[in-house]
Amino acid sequence: MSEKRTKKRTVATFGKYFTAPSLKDARKRRKDEDSEIIRDSFEVPEDMVNAGIGRKYYIRTYGCQMNEHDTEVMAGIFELLGYEKTELTAEADIILLNTCAVRDTAENKVFGELGHLKYLKASRPDLLLGVCGCMSQEEEVVDTILRKHQHVDMIFGTHNIHRLPQLIKEAYMNKEMVVEVWSQEGDIIENLPKTRLGDLKAWVNITYGCDKFCTYCIIPYTRGKERSRLPEDILAEVEELAQKGYQEITLLGQNVNSYGNDLNGGVYGFANLLEAVQKIAIPRVRFTTSHPWEFTDEMIKIISKGGNMMPHVHLPVQSGSSAILRKMGRLYTREEYLTLYNKIRKNIPNVSITTDIIVGFPNETAEQFEETASLVEQCAFDGAYTFIYSQRDGTPAAKLNDNVPIQEKKQRLQTLNALVNEAALKRNGHFLGEVVEVLVHGESKKNAAVLSGYTPQNKLVNFVGGKDLIGKRLEVKVIQVKNWTLDGEVHNG
Ligand code: 5AD
Ligand code: SF4
């Protein structure tokens, strides 16, 4: 870590080993400085080399793909130290909960799990238990863990992952809980190891953080300022994955559209990156997530050329009411969203479009909810993740009084889900009798005799087939459609 950053970082200190989070500091953005790309800040202390030999690690991941990606980095670090992966908490020497803060339901799950792990920790005092990820960035969460979950050995933040070897060392040496959460980070660390969770599909991070500050959302605070990796680093990673035989990559960012805004005055943007990735011999390329703001015509043009660009766009709308969108700070109106939506549908052949929707934003009226319902009917999305608004302390929306009772919000969610399912079923109906290309990723979760894979449009297809088909891209005929999945059979000629 550069000297400059170390001095500038604002941290609250409440003990010898501790740096605590501050959402207030996390909100600050240093516009005057570009991100630094750091290639040497990850290091293993000499006495930690081989520290994990004969020991096992277990990581439980909550939340989004960004967390899955971070888990791969932490797994890489553990394995570099000699630790072996286990799927069983009972045989782990170190357990990490990689947490999500986006809604209170996600946070409650983690607190529930911490409660369960108390018993395991009591029976095995030498077990190390750590909490990391987005929840660690919230001071209230850290306070709660310090007060109520003293069996936790370490808490570290999303900007402290590269310090895992040092943190493990401190946790082994100290009886007190080790807390290290930096609230601001502006750098990108390129020399981190990574153990990918699969050998077929891979995440490729292109940006970190978010500067959109939608009023309901905690992510700009927990993940820090928006910063882009250099194109050459991203392209080298994709090339390497292609050479290793990976079939699919997903370019990851909180808002991939804004890729490059912070590099060289924004001359090389997401469309340029897509164009470059399109030339690499990797069969499938996806990207997520796209804010409807900054979704450019150039992007549409490149995706519509096909090749390895998969025809699927995840385009969160959040609400169908322009008044609510304004209160959410989403930067577009209902009409502007619809214009973009229709443009994407018209120009990208056979595209599927999915979305995220929040119901029950503070003071959302019945009429405003109806506008969301009518937008869903009008768009007929291929799928939607729907959520009840969850108040996140420290965000602007948390200061609003809310006159919508929770029962009403639940009712709205049900109404919305029925419309979402109806639309998805209708869209899936277009595939009935069609032959689709499926990238087979494994056995279905429910039945080992059934294989599962995704179509280019990201539709999950289940079909009967032998294990030898796993990892292949093959033609499957769709014989039945459901709300969220398709049933098929292997197509022979
Ligand atoms: N309450 C409910 N849903 C939220 N999301 C983000 N913040 C909140 C919140 N406070 C949803 C948005 C976003 C998705 C990842 O999570 O729909 O697109
Ligand atoms: Fe949150 Fe908005 Fe950023 Fe998405 S774009 S991560 S919803 S602040």
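Just so you know, ligand 1 is whichever comes first in the structure, and atom 1 is the first atom listed for that ligand.
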Item to check | His441 and Leu460, any side-chain heavy atoms less than 4.5 Å apart | outcome: yes

Checklist outcome for this item: Atoms of ligand 2 under 4.0 Å from any heavy atom of Phe213, numbered from 1 in the order shown, are 8 (S)

Item to check | Sidechain N-carboxylate O distance under 4.0 Å for Glu364, Lys327 | outcome: no

Checklist entry - Please state which protein non-hydrogen atom is closest to atom 18 (O) of ligand 1 and give its distance, to 0.1 Å? => result Asp356 OD2, 2.6 Å

Next on the checklist: Just to check, does Arg330 reach to within less than 4.0 Å of ligand 2 when the distance is taken from its heavy atoms?
Outcome noted: yes

Checklist entry - Is it true that the NZ or CZ of Arg223 lies under 6.0 Å from the centre of Tyr208's six-membered ring and within 45 degrees of the ring axis? => result no

Checklist entry - To the nearest 0.1 Å, how far is atom 1 (N) of ligand 1 from its closest protein heavy atom, and which atom is that? => result Ser390 N, 2.9 Å

Checklist entry - Is it the side chain, the backbone, both or neither of Phe387 that has a heavy atom closer than 4.0 Å to ligand 1? => result side chain

Item to check | Short N-O contact, Glu107 and Arg392, less than 4.0 angstrom | outcome: yes

Checklist entry - Atoms of ligand 2 less than 4.0 Å from Pro220 heavy atoms? => result 8 (S)

Item to check | Carboxylate-amine/guanidinium proximity below 4.0 Å for Glu239 and Lys279 | outcome: no

Next on the checklist: Closer than 4.0 Å to some heavy atom of Gln318 - which atoms of ligand 1 meet that?
Outcome noted: 12 (C), 13 (C), 17 (O), 18 (O)

Checklist entry - Got a salt bridge between Arg229 and Glu237, using NZ or NE/NH1/NH2 to carboxylate O under 4.0 Å? => result yes

Checklist outcome for this item: Per-atom filter on ligand 2: closer than 4.0 angstrom to a heavy atom of Lys212 are 3 (Fe), 5 (S)

Item to check | Residue, atom name and distance, where the atom is the protein heavy atom closest to atom 7 (N) of ligand 1 | outcome: Tyr216 CD1, 3.3 Å

Checklist entry - In terms of atom number and element, which parts of ligand 2 are under 4.0 angstrom from non-hydrogen atoms of His291? => result 5 (S)

Checklist entry - Touching ligand 1 at all, Ile388? Heavy atoms, strictly under 4.0 Å? => result yes

Item to check | Interfacing atoms of ligand 1 (cut-off 4.0 Å, heavy-atom, Ile358) | outcome: 3 (N), 4 (C), 5 (N), 12 (C), 17 (O)

Checklist entry - Can a salt bridge be assigned to the pair Arg60 and Glu68 using a cut-off of 4.0 Å between side-chain N and carboxylate O? => result no

Next on the checklist: Between Cys217 and atom 2 (Fe) of ligand 2, is there a contact where an N/O/S atom of the residue lies under 2.8 Å from the metal?
Outcome noted: no

Next on the checklist: Among all the protein's non-hydrogen atoms, which is closest to atom 7 (S) of ligand 2, and how far away is it?
Outcome noted: Tyr216 OH, 3.4 Å

Next on the checklist: Under 4.0 Å from a heavy atom of Arg392: which atoms of ligand 1 are those, numbered in the order shown and with their elements?
Outcome noted: 10 (N)

Checklist entry - With a cut-off of 4.0 Å, which atoms of ligand 1 are near a heavy atom of Tyr389? => result 1 (N), 2 (C)

Item to check | Close aromatic pair by centroid cut-off 6.0 Å: His314 and Phe287 | outcome: no

Next on the checklist: Considering non-hydrogen atoms of the protein only, which is the closest contact for atom 8 (S) of ligand 2, and what is the distance?
Outcome noted: Cys214 N, 3.3 Å

Checklist entry - Would one find an N, O or S atom of Cys210, in either backbone or side chain, under 2.8 Å from atom 3 (Fe) of ligand 2? => result yes

Checklist entry - Salt bridge check: are Arg29 and Glu226 linked by an N-O gap of less than 4.0 Å? => result no

Checklist entry - Are any of the side-chain nitrogens in Lys109 or Asp104 under 4.0 Å away from the carboxylate oxygens of its partner? => result no

Checklist entry - Taking only residues two or more places apart in sequence or in another chain, which ones pass side-chain hydrogen bond (donor to acceptor under 3.5 Å, both in side chains) with Ser228? => result Asp262

Checklist entry - Does Glu370 come within less than 4.0 Å of Arg412, counting only side-chain N to carboxylate O? => result no

Next on the checklist: Students should be able to answer this: which protein heavy-atom is nearest to atom 6 (C) of ligand 1, and at what distance?
Outcome noted: Val102 CG2, 3.4 Å

Next on the checklist: Whether Asp402 and Lys409 form a salt bridge (side-chain N of Lys/Arg under 4.0 Å from carboxylate O of Asp/Glu) is what I want to check.
Outcome noted: yes

Next on the checklist: Less than 4.0 angstrom from a charged side-chain N to a carboxylate O is my criterion; do Glu87 and Lys85 meet it?
Outcome noted: yes

Checklist entry - So which heavy atom in the protein is nearest atom 11 (C) of ligand 1, and how far is it from that ligand atom? => result Arg103 NH1, 3.2 Å

Next on the checklist: Within ligand 2, which atoms have a heavy atom of Ile219 less than 4.0 Å away?
Outcome noted: 6 (S)

Item to check | Proximity of Asn255 to ligand 2 by residue part, where a heavy atom lies under 4.0 Å | outcome: neither

Checklist entry - Which is it for Pro316 and ligand 2 at heavy atoms under 4.0 Å: side chain, backbone, both or neither? => result neither

